[in-house]
K.L.:
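Below is one structure. I have some questions about it.
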There are 2 protein chains.
Amino acid sequence: MLENARGRKSSREKILDAAAELVADIGAGRLTLEAVAERAGLSKGGLLYNFPTKDALLQAMIQRMIDQVSESKEALRAQMEPGPNLEARVATTSLLNMCCGGKMQEIATGMMAAAAENPRLLDPVRQVIAATVKQIETSSDDVEAALLGWLAVEGLSNLEMHNLSPFSDQDRERIVGMINRLLTKGIAP
Amino acid sequence: MLENARGRKSSREKILDAAAELVADIGAGRLTLEAVAERAGLSKGGLLYNFPTKDALLQAMIQRMIDQVSESKEALRAQMEPGPNLEARVATTSLLNMCCGGKMQEIATGMMAAAAENPRLLDPVRQVIAATVKQIETSSDDVEAALLGWLAVEGLSNLEMHNLSPFSDQDRERIVGMINRLLTKGIAP
DNA sequence: ATTTATATACCGACCGGACGGTTTAGTTGC
DNA sequence: GCAACTAAACCGTCCGGTCGGTATATAAAT
């Protein structure tokens, strides 16, 4: 996916990958152009050729993450068994898959970097969140359960993206299962 | 509270207030010593007299916020009507009062600054969170409901601390009410 | 076929400003 | 006389961004 004609990853992709990894490794506040360039395997000049400013790079990180989430949601929507609160289940599952699967791969990184550098870069995220919530609110059979589950996943993923989660893998699994039960069986068991 | 002998706020307090306000105003990544000093009404030298390094300042911000939360929890624990899942209700209510009451006053600011600058500064927060969760798990009548409610509040407050919340005031009130109902009446209404 | 032109993608030296922290010399109030 | 500063200069480093140059490929002109 997203390779150029010769089947090799484009520089843009390599750069975005490198930036995401770096944020995860050394922290959003320490993200520098030189470090990104080095990890992506090109020079600072080459990096700035692809992204003329640091803001542009951060913006692209955010956009890519939004696109990936939306992709993942689309896939889940097709694949998931139908039932109540489908939209909420799709939203929560995609969030959990993306940001929490062992390493927070794509989600948190861009957001943390943007939040540290220039909060306005989070505007597109705001839109996505607003849209997601609206969709959950209008499409759910049990709006209360759906919102609650979504918020809980939001909390869990936020904890994990700051390495603040006190939960073991099996604790986490239990919690995820519990949220899924809430979403499929409603607020009354 | 926390004033010196003559009833005036100590410089330390003024500095910590200023830093918190600044983070809220201009973003965690743009927090500089000079700006903090200016807003606190003293010189950079005076600031560095009180906090010898920027790390020390951030550490103090975190510590103050932890102390305030623990204070607030203690107060709530005495004042709150007894009932099921008391500990979870205390934890969630203190979180909501602190960080979400109109302005995110104390909680988010220190955390965001620390996360941007030096994630290791969040270690004390990790401890508090782990302790809170353990307490909720051991003391709750309905552990599932308690954890779910706590996570949801965590999610809501995280959204709010990045100005990402799509909820209106009355939406928010409904959600908080819903979480409280979950905590007081259990997972089955 | 050879030259010339143009575009793409990149290198890397360098600049300038910001910022954390130091130092020094002086001031004010208890 | 000491604690708690002020004021201002200064240092060293880091870092975003600029800029001139380079290599390669493709196209156009002769």
Side-chain angles (χ1 to χ4, degrees), chain A residues 2-19 21-23 25-62 110 112-121, chain B residues 2-19 21-23 25-62 110 112-121:
Chain A
L2 278 169
E3 296 160 357
N4 68 11
R6 284 203 227 341
R8 317 240 321 133
K9 259 188 187 171
S10 74
S11 281
R12 276 184 70 95
E13 287 300 310
K14 278 197 274 189
I15 290 168
L16 292 175
D17 287 345
E21 288 166 24
L22 263 179
V23 170
D25 280 8
I26 65 174
R30 304 219 182 285
L31 190 74
T32 69
L33 296 184
E34 254 157 28
V36 173
E38 191 189 351
R39 182 172 285 226
L42 37 50
S43 70
K44 196 168 156 187
L47 166 57
L48 283 158
Y49 175 81
N50 285 275
F51 300 96
T53 66
K54 194 181 184 184
D55 253 34
L57 170 61
L58 296 172
Q59 213 175 325
M61 292 175 72
I62 299 271
M112 290 172 58
E117 205 85 25
N118 179 358
R120 298 194 46 194
L121 292 173
Chain B
L2 279 168
E3 296 160 357
N4 68 13
R6 280 205 229 343
R8 317 239 322 134
K9 261 188 185 171
S10 75
S11 281
R12 276 184 71 94
E13 287 301 310
K14 277 197 275 189
I15 290 168
L16 292 174
D17 287 345
E21 288 165 26
L22 264 179
V23 170
D25 280 8
I26 65 175
R30 305 218 183 286
L31 191 74
T32 69
L33 296 183
E34 255 156 25
V36 173
E38 190 188 350
R39 182 172 287 226
L42 38 52
S43 68
K44 193 174 159 185
L47 167 56
L48 284 158
Y49 178 83
N50 285 274
F51 300 98
T53 66
K54 194 181 183 182
D55 252 35
L57 170 61
L58 296 171
Q59 214 174 324
M61 290 174 74
I62 298 272
M112 290 173 59
E117 205 86 24
N118 179 359
R120 298 194 46 195
L121 292 173

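Quantities reported herein were computed from a predicted structural model and do not represent experimental measurements. Both backbone and side-chain heavy atoms feed into the values below; hydrogens, waters and symmetry mates do not. Residue numbers start from 1 in every chain, and the chains themselves are labelled A, B, ... in the order their sequence lines are given, proteins ahead of strands.
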K.L.:
With sequence neighbours excluded, tell me which residues meet side chain to side chain donor-acceptor pair (under 3.5 Å) with A/Arg12.
P.N.:
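Counting only residues at least two positions away or on another chain, A/Arg12 forms no side chain to side chain donor-acceptor pair (under 3.5 Å).
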K.L.:
When you check every protein heavy atom under 4.0 Å of nucleotides 10-22 of chain C, what one-letter string (B, S, -) results, 5' to 3'?
P.N.:
BBB------SBBB
K.L.:
Please report the distance, rounded to the nearest Å, between NZ in B/Lys14 and C1' in D/dT6.
P.N.:
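After rounding, the reported distance stands at 14 Å.
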K.L.:
By side chain to side chain donor-acceptor pair (under 3.5 Å), which residues pair with A/Glu38, not counting sequence neighbours?
P.N.:
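Expected list: none.
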K.L.:
B/Arg120: which residues meet the side chain to side chain donor-acceptor pair (under 3.5 Å) condition with it, sequence neighbours left out?
P.N.:
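Expected list: none.
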K.L.:
Rounded to the Å, how far apart are A/Leu58 CG and D/dG16 C1'?
P.N.:
12 Å
K.L.:
Sequence neighbours left out, what pairs pass side chain to side chain donor-acceptor pair (under 3.5 Å) with at least one residue falling in residues 42-51 of chain A?
P.N.:
A/Glu34-A/Lys44
K.L.:
Could you tell me which residues satisfy side chain to side chain donor-acceptor pair (under 3.5 Å) with A/Glu117, sequence neighbours excluded, listed by chain and number?
P.N.:
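Expected list: A/Lys54.
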